[in-house]
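What follows is a set of notes on a single structure, which appears directly below.
All values reported here derive from a predicted model rather than from experimental measurement. Every chain is numbered from 1 and lettered A, B, ... according to where its sequence line falls, protein lines coming before strand lines. Atom set for the values below is all heavy atoms of this structure, side chains included, hydrogens, waters and symmetry mates excluded.
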Amino acid sequence: MAERELTYREAINEALRQEMRRDDTIILMGEDIAGGSGQPKELQDAWGGVLGVTKGLYTEFGADRVLDTPISESGYIGAAIGAAATGLRPVAELMFVGFMGVCLDQLFNQAAKLRYMFGGKARVPVTIRTMIGAGLRAAAQHSTVDYSVLTHFPGLKCVAPSSAYDAKGLLIAAIRDDDPVIFCEHKALYGEKSPVPEESYVVPLGTADIKREGRDVTLVAFAKMVHTALAAADELSKSGIQAEVVDPRSLSPLDEGTILESVKKTHRLVVVDEDTPRCGMATDIVSLVSQKAFDYLDAPPQMVTPPHTPVPFSPVLEDSYLPTPEQVADAVRGTLD
Amino acid sequence: MAERELTYREAINEALRQEMRRDDTIILMGEDIAGGSGQPKELQDAWGGVLGVTKGLYTEFGADRVLDTPISESGYIGAAIGAAATGLRPVAELMFVGFMGVCLDQLFNQAAKLRYMFGGKARVPVTIRTMIGAGLRAAAQHSTVDYSVLTHFPGLKCVAPSSAYDAKGLLIAAIRDDDPVIFCEHKALYGEKSPVPEESYVVPLGTADIKREGRDVTLVAFAKMVHTALAAADELSKSGIQAEVVDPRSLSPLDEGTILESVKKTHRLVVVDEDTPRCGMATDIVSLVSQKAFDYLDAPPQMVTPPHTPVPFSPVLEDSYLPTPEQVADAVRGTLD
Amino acid sequence: MHLKREKALWVYERMVLIRKFEDKVHDLFSAGKIPGFVHLYAGEEAVAVGVCAHFRTDDFLTSTHRGHGHCIAKGVEVRGMMAELFGKATGSCKGKGGSMHIADVEKGMLGANGIVGGGAPLACGAALTARVKKTDQVTACFFGDGGASQGTFHEALNLASIWKLPVIFVCENNLYAEASPVKYTLNVENVADRAAGYGVPGVIADGMSFFDVYEKAGEAVRRARAGEGPTLIEAKTYRFYGHFEGDPVNYRPKDEEQAYRKRDPITDFKQKVLAKKLLKADDLEKIEKETQAEVDAALEFAESSPFPKLEEILTDVYVNYP
Amino acid sequence: MHLKREKALWVYERMVLIRKFEDKVHDLFSAGKIPGFVHLYAGEEAVAVGVCAHFRTDDFLTSTHRGHGHCIAKGVEVRGMMAELFGKATGSCKGKGGSMHIADVEKGMLGANGIVGGGAPLACGAALTARVKKTDQVTACFFGDGGASQGTFHEALNLASIWKLPVIFVCENNLYAEASPVKYTLNVENVADRAAGYGVPGVIADGMSFFDVYEKAGEAVRRARAGEGPTLIEAKTYRFYGHFEGDPVNYRPKDEEQAYRKRDPITDFKQKVLAKKLLKADDLEKIEKETQAEVDAALEFAESSPFPKLEEILTDVYVNYP
Ligand SMILES: Cc1ncc(C[n+]2csc(CCOP(=O)(O)OP(=O)(O)O)c2C)c(N)n1
Ligand SMILES: Cc1ncc(C[n+]2csc(CCOP(=O)(O)OP(=O)(O)O)c2C)c(N)n1
Ligand SMILES: [Mg+2]
Ligand SMILES: [Mg+2]
């Protein structure tokens, strides 16, 4: 029997549905995650999220557990955090990660620090789902990934799946985790399909995945950039270069071991990241490897990232803003010279 | 005649005063930057900022140019940004950098991106003064540096002086700059004295300073950590190790040249940073050097930072949370083994 | 409030220009010619034009994701706007901003904003500039019923109230924030009811009637110019299209939509000026033709314009970069 | 509102315990024995105790930087609190939080908060837990007059109003936010005036009178437990010390301070319960002695406790860390 395939969007929806059936302390909150709340029944659950990811959950679980919220991210995300600290396990949606600026305090000063400040006497099992990424002509405020910032803050965890399979397993892990987890959904991946088991399963936080094995160079890439790295690897293999593609999946905690092992084997590192280059995941990985696997490196480690600029709107600009497989392949060739 | 010395606090105050005398489009905004606004005259200008940095400016420049604000950082910092875009040159105070979570949107989505999004047809000459740093037993929300996050965002500039001299020159540069600049004042340095010329001068943004010359190892350090690095260098010199201490002063833009030149001379790098280690300034510098001066490095680059945890309150914990000269010296010795 | 003939011509021209622009954009989006997130202003024309009819070029406004109407009301040229939506080098923002960041600072239009509530503090800033420079410029801050739940609205209104800033907060209550009805997101009947909590006048206007908005905005602008402080105006209005282009609009009752379509602010204005004999049918027809021609020309301009050069990615991040 | 003898004893004991604790901390800070940023609650006792007198252990509260009084009113033990201020391992937060983050989740005290306005959304969350779990627990959200300008206050009040959450928003209007008088930061007479903008009752209480706070909080708690939604109570009060320890308090008129000192809420309560013959002088004296002894013992406990081990820096960041 052929394996069942789901899209990334469907995998997320299924993870939420299965977890909500299992545990009735799980609630969902967010702007128009149902849509039409307060309207006559036939107009409710109209959207299921702005890109349809939570569609149908309101209909199944009702208004007590699927809460449309006003546009007040500090208010409702803070409420999710307060609810998590007092016995629920909320999954709140921050529609776009670029909106973190209107609620960051609740994330980095409250969710992230409560447990520490209270000497371990609190737990905050909240999951924040948020959309990341460029490619939809959504311009500077709606196209960032910015997960580097959320990874920076101690007390937060941060994951960014690149496939439907990982999305389901990581989301279930995030929901069950007793710490605040930022779950980053790349909006250009919602249509990507992969085999996804029907039953519930967990991809543990902090475990990287080798998406392609190779011996000549290690490509570390995140979310949509995993696909860019894989395309580059395909291209490179035509000239006999075997790239290993490591997908950390979880940015914080980070599976340092898998990355370091790969580099110890390949002796070369290229990081492919959609975040901007200063104080970002790319610098994080390069510096990790430079410190801990320095003696294994046969060439300077490389970063392929967008430039230190906002995301431009114009399609021609946006397309060349993002790292391309060609750029990655060039960077790899650079390390082999 | 002996050179005039000022404290870091006095140097900042003098920079503000001199610039305000020079340019009447400069206004100050912030919580209790005067104190007692709306009270009878004898109770006004009561505080001059929570740690007295802006003392006396209200008395000299009046309520039209020195504006106490309500506790609404998004509101008044956003107003400073809007004023900057329409013809003023505001200097707004975000009391502690740990409060950036309540106004980040105005910083990273508005101030930082307006010019780009508007195709170059806006300029936002705003300066945001903010206090950074641990050491005052101010606990997890009032002790961070977090400038790595502000450095991450394209469109912002970010500086962090380590001396009174640099503080005055960098603040004048920041105010005159036509871009948004975050000016980070380390609260544990306010009492530090150094010679400061009376006349106005500029320390250009993006210029590093070599605080001590040496040939054996490059220490890159920021703000208060410059002093920690200098103490380590003193210690190391007793055993004949000559450390060069590079103070970038400006985190964004970064003077890559001076750092790279130094490493090309010393062949060793230790970064000393008060920010936490993930996606921070330390990883930024390590990855810069690893990419661009790889062949000059004789040992793995090292980072000395606090752990990936919030800042603890207890004095014993806080003291050992911060990097110490001993740790820096040990890291240096590690690179020399 | 009395309207001079010249102003009435201008009003009709602006309202119709907005409508024709938005209708065209709607078609272009459906045809796959315009990318991105596009939010149309059709139906709400009386609000932007009713406020901006009191404005000078050196007055300011801040806008929202639904910014085209505010741009046109403030005098931004539609060719640059259309080119911007296409991401062309000749766009108002050189193609770098798109619909959600369309701006024209020279015209006092301080930008659409992708962040709900993001413009309110900026509006206070523009007003502060006027106060410090002792000019009588005023600033309008447009926002939606959804935006009334954001913290920035509260902070900005408070700030404007204590500093008596010349800001007019204009809530465009079109009954929905995306797919959420305002009766769900607010526990009060009117956003204007919030004004009292700041010691500021709170005024309700019929957002489907130019004359009502014009009158109420007139008093607010007078107050602001005279240094008497801010006003909160809530204009009850309705958007004719979906939240954004592509929205199936499956959360609104059809009869509600029809009822509002019948109250079309342009038709309303037309009937009133004809009845009052302020304008003639000829005047209106001429304007309808001219605006259509303007929009058509804008489209041609946009389509024939070049895309930005790739180097443009790197420019305009900073004014000064070492 | 009638008070039973037992409750009256509890009230006096809590109010005096807060006062003696704060007086002691003031002395300790002046003597250089306590580090950090410390904000004292002395003078405002009637507010925290007047609200918490209606509370069960399983009710919740969120607090502010000025949190000691809320802790004690909610039943947090003073020895742990004192040890926390010293940064000792036996502190309520193992010495990791200090005065601005003092908490006791088991007692329903969800933390002081170093961020003005930071607690308001959290309070909605605790109330949401009660609603989802269908309990009748209520949550109090304490905040200051300064906090009333923060966006989170507005967002939380709106959220609580539309979801009818069992939250009591308690504004402790002590006339100042740091050195800024409330008449400068607000353009209205009362913070309670804002409640109408959310369709929520807005009530003013005399924060220097336990009985007045107790009565008004009683109705708010009743409403909340009955599922009738939130209430905003503004308690007009005054802090007897400076904003934080070390504050020269050079922004308040001396006669104002004296006038409020004369309205000491503890004296007021004492006089009233004696006059009503609810308690006897002996009762009060006994409580005064016992609370003094408790504070003294807390100090001894704190001073003789060990500092945390250095490994503690690394723990409690996460529950699960691979
Ligand atoms: C801070 C923030 N949160 C959410 C969004 C997503 N969003 C864009 S428009 C919108 C609805 C806005 O409704 P309203 O303010 O009523 O304006 P309208 O669209 O009706 O004109 C939402 C939720 C956003 N852009 N910014
Ligand atoms: C977001 C934020 N802004 C500013 C501060 C600094 N700060 C701490 S307490 C305070 C004044 C608070 O005043 P109020 O809310 O009236 O409480 P009170 O101190 O009078 O009890 C300020 C400005 C802060 N802690 N958090
Ligand atoms: Mg709306
Ligand atoms: Mg106060």
Considering only heavy atoms, give the residues of [range] separated from chain A by less than 4.5 Å, sorted numerically, with 'none' for an empty result.
range: residues 110-119 of chain C; answer: C:Asn113, C:Gly114, C:Ile115, C:Val116
range: residues 25-36 of chain C; answer: C:Pro35, C:Gly36
range: residues 171-179 of chain C; answer: C:Tyr176, C:Ala177, C:Glu178, C:Ala179

Can you tell me if C:Thr185 uses its side chain to pair, donor with acceptor, with the backbone of A:Pro70 under 3.5 Å?
->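 Absent.
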Any sub-3.5 Å donor-acceptor pair from C:Asn250's side-chain atoms to A:Leu43's backbone N or O?
->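 No.
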Which atom pair, heavy atoms only, marks the closest approach of A:Gln39 to C:Pro253?
->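 Closest pair (atom of A:Gln39, atom of C:Pro253, distance): NE2-CD, 3.8 Å.
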List the atom of A:Ala139, the atom of C:His101, and the distance in Å for their closest heavy-atom pair.
-> CB-CD2, 3.5 Å
Is it the backbone or the side chain of [X] that comes under 4.5 Å from a heavy atom of chain A, or both, or neither?
X: C:Leu85; value: backbone
X: C:Phe153; value: neither
X: C:Lys96; value: both

Mind checking whether C:Lys94 and A:Ser314 have side chains closer than 4.5 Å, heavy atoms only?
->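 SC-SC contact between C:Lys94 and A:Ser314 ruled out.
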State, with a plain yes or no, whether a side-chain heavy atom of C:Phe307 is found less than 4.5 Å away from one of A:Leu317.
-> no
State the [atom1]-[atom2] distance between [X] and [Y], to the nearest 0.5 angstrom.
X: C:Gln150; Y: A:Glu73; atom1: CD; atom2: CD; result: 5.0 Å
X: A:Tyr321; Y: C:Leu310; atom1: OH; atom2: CG; result: 14.5 Å
X: C:Ser99; Y: A:Phe313; atom1: OG; atom2: CZ; result: 7.5 Å
X: C:Ser180; Y: A:Asp68; atom1: OG; atom2: CG; result: 4.5 Å

Among residues 323-333 of chain A, residues within the sub-4.5 Å heavy-atom range of chain C, in order of number, are none
At a heavy-atom distance under 4.5 Å, which candidate from [options] has the highest pair count against chain C?
options: A:Ser320, A:Pro307, A:Ala34, A:Pro312; result: A:Ser320
options: A:Val102, A:Thr69, A:Val316; result: A:Val316
options: A:Glu42, A:Gln141, A:Arg137; result: A:Gln141

Within a radius of less than 6.0 Å around [atom1] of [X], do more than 12 heavy atoms belonging to other residues, nucleotides or ligands occur?
X: A:Lys41; atom1: NZ; result: no
X: C:Glu256; atom1: CD; result: yes
X: C:Arg252; atom1: CZ; result: yes
X: C:Glu189; atom1: CD; result: no

Once the angle between the rings of A:Trp47 and C:Tyr251 is folded into 0 to 90°, is it parallel (under 30°), tilted (30 to 60°) or perpendicular (over 60°)?
->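 Ring orientation, 0 to 90° scale: perpendicular.
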Aromatic ring pairing C:Phe37/A:His142, orientation class (parallel under 30°, perpendicular over 60°, tilted between) |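 If you compare the ring of C:Phe37 with that of A:His142, the planes turn out perpendicular.
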Partner chain A: residue of C:Val249, C:Asp247, C:Thr152 with the largest heavy-atom pair count (under 4.5 Å) |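 Most heavy-atom pairs under 4.5 Å with chain A: C:Asp247.
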Region of A:Thr309 that comes under 4.5 Å of a non-hydrogen atom in chain C =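 Both backbone and side chain.
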